[in-house]
There are 2 protein chains.
Amino acid sequence: MHFSKTAEYAIRVLSYLHRHHETSHSVNVLHQELDLPYKYLTKLMTELAKKGLVNASRGREGGLSLARSADTIYLCDILEAIGESLEHERCILGFDKCDALNPCALHDQWVKPKEMIETMLTTTTLASLIQNKETKL
Amino acid sequence: MHFSKTAEYAIRVLSYLHRHHETSHSVNVLHQELDLPYKYLTKLMTELAKKGLVNASRGREGGLSLARSADTIYLCDILEAIGESLEHERCILGFDKCDALNPCALHDQWVKPKEMIETMLTTTTLASLIQNKETKL
DNA sequence: TATTATTACTACCTTTAGATAGTATATTAT
DNA sequence: ATAATATACTATCTAAAGGTAGTAATAATA
Ligand code: SF4
Ligand code: SF4
């Protein structure tokens, strides 16, 4: 019951870019500041650029910055961008097409936590994460 | 954001054993009834036997059955038995020692869903899953 | 234009979860 | 005893996630 490392990395990096949005940042800086594996991060950032979440510019003075306003970027958008959208996630007992009329044995117990997670992911924006600048990233 | 297949399998198998607790069942039967990979299941059941969740007896008329009363087996016990206890799970941003005083950027948003999941896992017993025998397994 | 700092691309390596194969061992009905 | 039916054990394979390495392309600046 956990998020993937890739999801953690993406959320942390994008939060960092928002917190320091006055300028752009190279992968190398993000790597050092957030202690994430450098090469893995380049791949991830390339992907996030393709998906339109960040702007990437090469060459001297290049680097990465948010492509959209942070209050329009929801956590589910980030998961979507790395291929872990809510729909692609299998549920607790792994059945595909199930609903309240054809539930698995765990459905009643799982439905509430599941809704809370989905609500959190669909209503939390990057901007709302950064209100307290003291929190870890 | 999902459970492991192993966790799914364990929950489903144990639920089946409880639902049909009048007798014991061979791995082969469980494999056929629940459509789980046979050899993988033998390993899993051996593990669950070692951890004291099921009784395994070899030979003709042997098979598997619950070792404890179903109302003493909580979902977290099952996860524990397969090495996925709550403590071993990294949290949403993957920090180790964090608390309300030294939180990550997502802590405030994550703390409620997290509690709901933990509550569900620590209060739901196998027995409580089976009240409606019509649900899928 | 040459240099330097950056992202982009391609290929490969490592670890882990999941799954498979074959054999040994135990139990019991006959 | 023997045959049949189970679990237990050991070794291996596969696929996916995570991570590394080297090089090409791009852009600013000196
Ligand atoms: S908990 Fe509900 S949604 Fe999830 S697999 Fe079971 S029936 Fe389907
Ligand atoms: S959400 Fe809370 S418990 Fe989880 S990593 Fe962040 S600070 Fe730690």
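Because the structure is predicted, anything quoted here is derived from the model rather than measured. Throughout, protein chains are lettered first and strands after them, A, B, ... in sequence-line order, and every chain is numbered starting at 1.
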> Once the angle between the rings of A/His31 and A/Tyr38 is folded into 0 to 90°, is it parallel (under 30°), tilted (30 to 60°) or perpendicular (over 60°)?
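A/His31 vs A/Tyr38 ring planes: perpendicular.
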
> Starting at atom CD1 of A/Ile82, determine the distance to atom P of D/dG19, rounded to an integer number of angstrom.
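Taking CD1 of A/Ile82 and P of D/dG19, I get 13 Å after rounding.
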
> Check whether any side-chain heavy atom of A/Ser24 lies under 4.5 Å from a side-chain heavy atom of A/Leu64, and answer yes or no.
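The answer is no; the side chains never approach within 4.5 Å.
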
> Checking B/Ser26 against B/Asn28: is there a side-chain donor and acceptor pair closer than 3.5 Å?
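Side-chain D/A pair, B/Asn28 to B/Ser26: absent.
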
> Would you please confirm or rule out a distance under 4.0 Å between OP1 or OP2 of C/dA17 and any side-chain N or O of B/Tyr40?
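B/Tyr40 to C/dA17 OP1/OP2: no side-chain N or O under 4.0 Å.
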
> I need the CZ-C1' distance between A/Phe3 and D/dG18, as an integer number of Å.
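So the two atoms are 18 Å apart, to the nearest Å.
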
> So if I take every side-chain heavy atom of A/Lys43 and compare against D/dA25, C/dA11, C/dA26, which nucleotide ends up nearest?
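Among D/dA25, C/dA11, C/dA26, the one nearest the side chain of A/Lys43 is C/dA11.
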
> In whole angstrom, give the distance that lies between atom CD of B/Glu47 and atom C1' of C/dA17.
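Distance check: B/Glu47 CD to C/dA17 C1' gives 14 Å.
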
> I need the CG-P distance between B/Asn55 and D/dA6, as an integer number of Å.
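Distance, rounded to whole Å: 17 Å.
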
> Salt bridge (charged side-chain N to carboxylate O under 4.0 Å, His left out) between B/Glu47 and B/Lys43: does it pass, once the steps are laid out?
CA-CA 6 Å; B/Glu47 191 64 19; B/Lys43 265 203 302 196; over 6 Å; no

> Can you check the B/Glu61 CD to D/dA4 P distance for me, whole Å?
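Rounded to the whole Å, the gap is 15 Å.
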
> Write down the atom of B/Arg12, the atom of B/Leu34, and the distance for their closest heavy-atom approach.
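Smallest heavy-atom distance, with atoms named: NH2-O, 3.0 Å.
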
> Does the base of C/dG22 carry an N or O that pairs as donor and acceptor with the side chain of B/Lys39 under 3.5 Å?
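Side chain to base: pair present.
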
> Atom OH of B/Tyr38 and atom C1' of D/dC9: how far apart are they, to the nearest Å?
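It is 13 Å, rounded to the nearest whole Å.
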
> Return the value, rounded to whole Å, for the distance between atom NZ of A/Lys51 and atom P of C/dA8.
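Computing the A/Lys51:NZ to C/dA8:P distance gives 14 Å.
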
> Of all the nucleotides listed (C/dT20, D/dG19, C/dT28), which has the minimum atom distance to the side chain of B/Pro37?
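Per side-chain heavy atoms of B/Pro37, the pick is C/dT20.
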
> Whether the side chain of A/Arg58 and the base of D/dT26 hold a donor-acceptor pair under 3.5 Å is what I'd like checked.
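A donor-acceptor contact between them is absent.
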
> Between A/Thr6 and B/Thr46, name the one whose nearest nucleotide on DNA chain D is closer to the 5' end.
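Looking at DNA chain D, the more 5' nearest nucleotide goes with B/Thr46.
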
> Tell me whether the OP1 or OP2 atom of C/dT7 has a side-chain N or O from A/Thr42 closer than 4.0 Å.
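Result: no.
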
> Answer yes or no: does a side-chain N or O of A/Tyr9 lie under 4.0 Å from OP1 or OP2 of D/dG19?
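Yes, such a contact exists.
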
> Take atom CG of A/Leu30 and atom P of C/dT6, then tell me their distance rounded to the nearest Å.
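That distance rounds to 11 Å.
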
> Among C/dA29, D/dA8, D/dG18, which nucleotide sits nearest the side chain of A/Ser4?
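Out of C/dA29, D/dA8, D/dG18, the nucleotide with an atom closest to A/Ser4's side chain is D/dG18.
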
> With a 3.5 Å cut-off and just heavy-atom distances, do the side chain of B/Arg60 and the base of D/dT5 make a donor-acceptor pair?
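Side chain to base: no pair below 3.5 Å.
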
